[in-house]
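Notes for the one structure printed next.
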Amino acid sequence: MGTNDSSGHPSSSRQRSSVQSLRKRPRAQVLIIGGGINGVGTFRDLALQGVDVALVERGDYCQGASGASSHMIHGGIRYLENGEFRLVQESVVERNRLLRIAPHYVKPLQTTIPIFSTFSGVLSAPLRFLTHKQQGKPKERGAFLIKLGLSMYDFFSRDGGTVPRHQFRGRKRALAELPRLHPGIKYAATYFDASVHNPERLTLDVLQDGEKAGAAGPSDARASNYLSLVSMGGAAGNSSGSTGGSTVQLRDELTGEVFDFTADVIVNTTGAWVDLTNQAMGAASSFMGGTKGSHIVLDHPGLLEACNGREIFFEHTDGRIVLIYPMGDRVLVGTTDVDADMAEDAVCTDAEIDYFFDLIGHVFPDVPVSRDQIVYTFAGVRPLPRHDATQPGFVSRDYRIERGGQHTSAGGAVVLSLVGGKWTTFRALAEHLTNDVLKELGLERKVSTAKLAIGGGAGFPDTASGIEQWIKAHMSAGRDADRISGLLTRYGTRAEEVLRYLDAGPDRLLHSTRELSVRELEFMARNEQVGHLIDVLIRRTSLAFRGLVTGELLNEVAEVLAVPLGWDAAARAAEIHYAQEVLERFHGVQVHSLVA
């Protein structure tokens with residue numbers, strides 16, 4: 001899904017090294033527009049093939065669709081009903097693969113479906129399958145259909161034996177395991193998928209893998225956030241070993257600087273904004289038809305206990321598939337699926353919150369919820385293909401690649417536009433997109449990413465005892481187990497690099513949170529392309545997601561970041577104000593600053 005909280009930036013005159021690397025050599029074989037997980041995944045794959053690749057993102061990495069997801073890595077059991085068997089097969093294979101190559105962020109997720117009938121939906125399901133439309137009033141899927149679907153799902157999930165097969169429980173055993181479920185249930189079906197609790201950090205890991213591959217290889221891999229495409233010019237002059245390509249105009253969103261950049265192949269991975277990006281390049285398209293999905297995060301011990309560590313995944317009364325599941329000590333509830341108006345901000349509305357409370361009551365009728373238990377809301381626009389009369393829930397979640405370009409003059413760049421795509425399949429999608437780019441360049445694949453560990457997943461302990469040993473081995477006089485555990489959770493085994501940085505100078509924990517220190521913030525600023533205070537709160541940490549942002553935290557983090565990022569007093573105040581604005585406008589969070 002996609003969202004946009006990148007408007008109205010405070011001004012800055014700081015010269016960022018990520019932008020300077022593109023300005024100094026304003027040419028690459030491939031330019032990727034869009035820094036969500038699919039664009040970043042393609043960047044990594046191309047860099048590993050030795051391709052000279054650049055990536056630009058108009059906001060922060062993982063700010064749009066990728067950061068507004070349901071945090072699930074799943075095979076898509078409901079896609080079976082749409083007949084998307086290829087997508088289900090690819091999804092379960094990639095889910096199992098991510099559990100192996102990104103174990104620091106992707107974790108198994110036990111999932112339970114509460115079932116209220118035995119044969120409901122048997123007659124309407126074939127019509128839904130054939131027409132991709134709801135026939136009359138929604139009829140819930142009964143045990144027979146769910147059992148059939150899970151049996152097929154198990155068949156697709158055989159690869160590697162990563163997850164157990166599903167289990168069915170009768171009412172008595174189901175309520176024994178989850179006593180606060182609706183007493184009217186007849187069955188409960190339990191199976192395993194996976195979740196990603198830190199999608200923003202996983203995206204950064206993938207990006208940094210690409211940058212390191214470029215630095216170690218014969219070519220180069222450069223990326224910058226807060227750098228947008230403004231327009232496309234004509235074809236560029238020929239250069240040694242390449243076609244002429246095309247020149248685009250890029251704008252630094254933090255300084256307002258504009259400069260030209262030339263590429264032979266341009267890859268448009270801007271999600272819900274693919275058509276608008278193509279329009280800016282002078283080749284209007286109508287590929288996209290995204291839908292908005294919203295979520296809420298609750299600080300609710302009762303609901304957390306009711307879930308008993310499981311995702312509750314079910315069909316609400318309107319036929320929409322929804323979910324409730326614990327993430328640490330918070331509970332995530334989602335999601336809606338309505339046609340999006342790209343001219344409006346993607347935000348969670350009061351009506352959607354009412355819908356979420358209603359769905360909680362549908363399965364946990366004796367667990368009251370209130371608005372004061374909401375600590376965070378978020379919404380985004382799924383990058384779905386144009387679907388005209390097809391209802392949002394039946395729109396394909398598969399992806400395709402559209403080829404265009406060479407439209408400005410002979411020798412102009414080829415433009416590849418990604419339509420669709422989802423978190424679970426980002427590695428396979430990037431492989432597909434990379435293969436298409438390699439074909440355009442006349443090159444061959446050198447490296448497969450299928451078994452290549454991602455970032456801090458390399459050498460990550462694979463057992464609870466292994467994690468405990470890792471934590472003990474890295475404790476010191478100044479850092480207790482909680483601090484080391486927090487670093488391992490945030491960075492995976494890349495925490496060792498962070499610890500070396502922390503040990504290289506005097507350090508102290510912040511007064512406003514024990515989860516961050518002064519030198520760790522400096523590490524983020526110097527190594528993770530932090531452009532704004534809000535980047536740290538939402539995408540470099542999970543502090544905002546968990547409702548832990550306070551006025552004291554805003555002031556203290558801004559003060560520490562001001563040194564490496566070159567903010568004066570006015571810039572610090574502007575960053576605090578901007579963070580408050582984003583949190584309130586897009587996430588329903590009001591934080592009062594201590595700064596006048």
Side-chain angles (χ1 to χ4, degrees), residues 1-5 34 36-38 62-72 74 76-84 87-88 91 128-129 131-134 138 199 268-278 285-296 313-323 332-356 358-359 377-400 402 417-426 429 586-587:
M1 292 180 294
T3 188
N4 177 22
D5 59 16
I37 188 57
N38 291 315
C62 200
Q63 180 174 299
S66 304
S69 74
S70 295
H71 292 59
M72 291 176 65
H74 65 106
I77 182 174
R78 71 184 186 85
Y79 306 154
L80 291 171
E81 191 172 75
N82 288 4
E84 297 185 275
L87 180 59
V88 174
S91 296
R128 285 200 300 257
F129 178 86
T131 66
H132 288 188
K133 293 181 180 179
Q134 182 65 54
N268 181 356
T269 57
T270 54
W273 289 270
V274 158
D275 291 331
L276 296 176
T277 302
N278 284 336
S285 59
S286 54
F287 300 139
M288 307 306 298
T291 67
K292 189 187 81 163
S294 296
H295 304 76
I296 59 174
F313 185 77
F314 60 100
E315 181 182 12
H316 198 26
T317 52
D318 62 352
R320 168 74 188 144
I321 303 297
V322 292
L323 54 93
L332 178 67
V333 182
T335 173
T336 51
D337 197 5
V338 296
D339 286 327
D341 182 347
M342 297 303 294
E344 296 182 359
D345 292 335
V347 296
C348 181
T349 65
D350 286 339
E352 287 174 308
I353 291 173
D354 290 339
Y355 178 83
F356 293 141
D358 185 59
L359 72 85
T377 71
F378 61 98
V381 181
R382 300 175 181 88
L384 301 182
R386 182 176 176 179
H387 49 273
D388 297 323
T390 303
Q391 291 173 274
F394 293 102
V395 180
S396 173
R397 265 52 174 178
D398 211 342
Y399 60 86
R400 71 179 194 270
E402 294 282 351
S417 297
L418 174 64
V419 181
K422 56 198 287 287
W423 247 106
T424 305
T425 57
F426 83 83
L429 184 156
F586 293 95
H587 305 291

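Atom set for the values below is all heavy atoms of this structure, side chains included, hydrogens, waters and symmetry mates excluded. In what follows, residues are counted from 1 in the order of the sequence shown.
Taking OG1 from Thr424 and CD1 from Ile37, the interatomic distance works out to 11.0 Å, rounded to the nearest 0.5 Å. The distance from the OG1 atom of Thr335 to the NZ atom of Lys292 is 9.5 Å, given to the nearest 0.5 Å.
For the pair Arg382 and Asp337, the salt-bridge criterion is met [side-chain N within less than 4.0 Å of a carboxylate O].
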Checklist entry - Passes side-chain contact (heavy atoms from CB on, under 4.5 Å), Glu402 versus Val274? Steps please. => result CA-CA 11 Å; Glu402 294 282 351; Val274 158; over 6 Å; no
Item to check | Worked verdict on Asn38 versus Thr269 for side chain to side chain donor-acceptor pair (under 3.5 Å) | outcome: CA-CA 7 Å; Asn38 291 315; Thr269 57; over 6 Å; no
Item to check | Check against side-chain contact (heavy atoms from CB on, under 4.5 Å), Ser91 and Lys422 | outcome: CA-CA 9 Å; Ser91 296; Lys422 56 198 287 287; 3.6 Å; yes
Checklist entry - Under the side-chain contact (heavy atoms from CB on, under 4.5 Å) criterion, do Val347 and Glu352 qualify, and how do the steps go? => result CA-CA 10 Å; Val347 296; Glu352 287 174 308; over 6 Å; no
Next on the checklist: Between His74 and Val88, does the side-chain contact (heavy atoms from CB on, under 4.5 Å) criterion hold? Intermediate values first, please.
Outcome noted: CA-CA 9 Å; His74 65 106; Val88 174; over 6 Å; no
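Donor-acceptor pairing under 3.5 Å is recorded for the side chains of Ser70 and His295.
Closest of all the heavy-atom pairs between Gly334 and Phe356 is CA-CE2, 3.6 Å. Minimum interatomic distance between Ile296 and Cys348 (heavy atoms only, all atoms of both residues): CG2-SG, 4.0 Å. Nearest heavy atoms, Leu359 versus His316: CA-CE1, 3.4 Å. Listed here is the closest heavy atom pair of Tyr399 and Gly421: CB-N, 3.6 Å. Taking each heavy atom of Ala379 and Ala68 in turn, the nearest pair found is O-CB, 3.7 Å. Nearest approach of Pro385 to Arg400, heavy atoms of both residues: CB-NH1, 3.7 Å.
If you run side-chain hydrogen bond (donor to acceptor under 3.5 Å, both in side chains) between Tyr355 and each of Asp318, Thr336, Asp350, only Asp318 comes through. For the side-chain contact (heavy atoms from CB on, under 4.5 Å) with Thr270, the qualifying choice from Leu418, Thr277, Asp275 is Thr277, the only one to do so.
Of the possible donor and acceptor atoms, none in the side chain of Trp423 sits under 3.5 Å from a partner among the backbone N and O of Met72. Listed for the His587 side chain is no donor-acceptor partner under 3.5 Å among the backbone atoms of Phe378.
Among residues two or more places apart in sequence or in another chain, the side chain to side chain donor-acceptor pair (under 3.5 Å) test is passed with Ser417 by Asn278.
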